[in-house]
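Note sheet for the following structure.
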Amino acid sequence: MTDTPLFPGFVRQRIPTPDGQHIQTLVGGNGPPLLLLHGHPQTSAIWHKVAPALARQFTLVLADLRGYGESAKPAGDADHANYSKRTMAADMLAVMQHLGHSRFAVLAHDRGARVAHRLAADHSGAVRRMVLLDIAPTLAMYEQTSDAFARAYWHWFFLIQPAPLPERLIEADPAAYIRDVMGRRSAGLAPFDARALAEYTRCLALPGAAHGICEDYRAAAGIDLVHDRADRDAGHRLGMPLLALWGEQGVVHRCFKPLAEWQRVAANVRGHALPCGHYIAEEAPDALLAAALPFLLETDA
């Protein structure tokens, strides 16, 4: 276990999952437990600007999703079930239980927010409350896909192509993939710390990383939709308090109505846009903290 420059005082821990894989974590801070989940094509390094303030109030568990960072990157199976959000949510429940946290809050961005959604749906007793950043529910986004959304989120449709086409193209130049995906958003590359960008690039170049992120998206376009439709058909709704935040300069804000979509799947929702684009924790850390901290510190009824 070692410190990392972006998170001084945090310790690394590799935690086993129910299916024999492992999740890489960073743990630090003091207080009630808060699980932080990153998005694509990133790692838990996204939280470095907000972690110091959060760590004064919470015990933080920063986890790399399977397929990302230094977590396990198993080969995908025929139906991509081992990268389903159900499996990835089970990873995170195992992480928190391993660390002694049976009930916890969640702050999650992008792909991590999709894992958090499934975690809350499948293990509602474990999730005290959650903050989801810059997504609408996966099913709503696929069912409402427009020309504008498909052009802006081209990677959704590139990454789901059959292996090994997208993997081969990403592996040819991982640094260019990071620059193209992240740098073409509203804020360009200006908000990102050079150390964080280097970490994203390093991790995407690890063996199996390109395949892992593709499998995440293949699952989202297939088995995850099966699970989400089953929840909708059964009338299941999330019951814990949920705060949805999104960037007013981002694609989710332009193409969807995120608060209304979350109100369709959850009973206790509030939310609003923040003055930034997609990468909220790195573009607008102060605005994120101002919105999320009071919510996370609320006493549960």
Side-chain angles (χ1 to χ4, degrees), residues 17 19 21-25 36-47 62-92 108-119 133-135 138 141-142 150 152-185 189 192 196-225 251 278-279 281-282:
T17 68
D19 62 346
Q21 304 298 324
H22 72 268
I23 297 297
Q24 185 72 36
T25 66
L36 280 69
L37 300 177
H38 66 88
H40 161 273
Q42 299 174 287
T43 72
S44 56
I46 74 166
W47 304 112
L62 287 63
D64 288 343
L65 302 173
R66 73 163 55 198
Y68 294 79
E70 294 188 354
S71 289
K73 301 167 181 64
D77 50 16
D79 63 357
H80 316 294
N82 60 347
Y83 282 87
S84 71
K85 302 310 153 295
R86 175 157 287 161
T87 297
M88 295 169 84
D91 289 345
M92 297 307 150
H109 176 247
D110 189 69
R111 309 308 295 177
R114 302 190 191 285
V115 174
H117 180 191
R118 179 47 56 190
L119 177 63
L133 303 181
D134 210 57
I135 70 165
T138 306
M141 291 178 71
Y142 268 115
Y153 269 38
W154 56 270
H155 60 286
W156 273 40
F157 308 98
F158 164 66
L159 295 171
I160 67 175
Q161 297 307 307
L165 173 62
E167 287 94 332
R168 186 168 63 242
L169 297 176
I170 293 168
E171 289 168 352
D173 195 342
Y177 183 80
I178 293 289
R179 290 194 303 271
D180 288 344
V181 171
M182 296 175 60
R184 292 182 182 179
R185 303 270 191 168
L189 292 174
F192 302 106
L197 278 175
E199 181 68 358
Y200 305 147
T201 301
R202 180 187 72 83
C203 289
L204 186 56
L206 293 173
H211 180 64
I213 67 173
C214 290
E215 285 296 298
D216 168 22
Y217 280 80
R218 289 171 183 140
I223 192 168
D224 290 347
L225 299 181
V251 175
H278 177 62
Y279 298 103
E282 290 165 291

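Just so you know, these numbers come straight off a predicted model, no measurement behind them. Residue indices begin at 1 and follow the sequence shown.
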**Asked** Are R111 and Y217 in a cation-pi setup, meaning NZ or CZ lies under 6.0 angstrom from the ring centre and within 45 degrees of the ring axis?
**Response**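 Judged by the rule (NZ or CZ under 6.0 Å from the ring centre, within 45° of its axis), R111 counts as positioned above Y217.
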
Less than 4.5 Å apart, any side-chain heavy atom of [X] and any of [Y]?
X    : Y    : value
Y200 : I46  : yes
K73  : P207 : no
H117 : T138 : no

**Item:** From W47, Y68, F192, residue fulfilling side-chain contact (heavy atoms from CB on, under 4.5 Å) relative to Q42
**Value:**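 The residue from W47, Y68, F192 that satisfies side-chain contact (heavy atoms from CB on, under 4.5 Å) with Q42 turns out to be F192.
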
**Prompt:** So, E215 and R218, do they make that salt bridge, N to O below 4.0 Å?
**Reply:**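 Yes.
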
In Å and rounded to the nearest 0.5 Å, what is the [atom1] to [atom2] distance from [X] to [Y]?
X    : Y    : atom1 : atom2 : result
D173 : I178 : CG    : CD1   : 10.5 Å
M88  : I23  : CE    : CD1   : 7.5 Å
R168 : C214 : CZ    : SG    : 11.5 Å
I213 : L65  : CD1   : CG    : 11.5 Å
D110 : D134 : CG    : CG    : 7.5 Å
H38  : D64  : NE2   : CG    : 4.5 Å

**Asked** Do the ring planes of Y142 and W156 sit parallel (below 30°), tilted (30 to 60°) or perpendicular (above 60°)?
**Response**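 Y142 and W156: tilted rings.
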
**Message:** Is the ring pair H278/H109 parallel, tilted or perpendicular, if the boundaries are 30 and 60 degrees?
**Reply:**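 Aromatic pair H278/H109 classed tilted.
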
**Message:** Check for me whether the distance between the ring centres of H155 and Y153 falls short of 6.0 Å.
**Reply:**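 When the ring centroids of H155 and Y153 are compared, they turn out to be within the sub-6.0 Å range.
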
Smallest separation among heavy atoms of [X] and [Y], with atom names:
X    : Y    : answer
H211 : P74  : CD2-O, 3.9 Å
P41  : Y177 : CB-CE2, 4.0 Å
A81  : I223 : CB-CD1, 3.8 Å
V181 : Y279 : O-OH, 4.0 Å
A63  : L37  : CB-CD2, 4.1 Å
I135 : A113 : CD1-CB, 3.5 Å

**Request:** Go through the steps for D91 and Q21 under the test side chain to side chain contact (heavy atoms under 4.5 Å, CB included), then give the verdict.
**Result:** CA-CA 9 Å; D91 289 345; Q21 304 298 324; 5.7 Å; no

**Request:** Sort out for me which residue in D216, T87, N82, D19 forms a side chain to side chain donor-acceptor pair (under 3.5 Å) with R66.
**Result:**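 Only one option passes, and that is D19.
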
**Prompt:** Can you list the steps and then say if Q24 with T43 is a side chain to side chain contact (heavy atoms under 4.5 Å, CB included)?
**Reply:** CA-CA 10 Å; Q24 185 72 36; T43 72; over 6 Å; no

**side chain to side chain donor-acceptor pair (under 3.5 Å) assessment of D224 paired with S84** = CA-CA 6 Å; D224 290 347; S84 71; 4.6 Å; no

**Request:** Would you please name every residue forming a side chain to side chain contact (heavy atoms under 4.5 Å, CB included) with R202, sequence neighbours left out?
**Result:**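 E70, E199, L206.
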
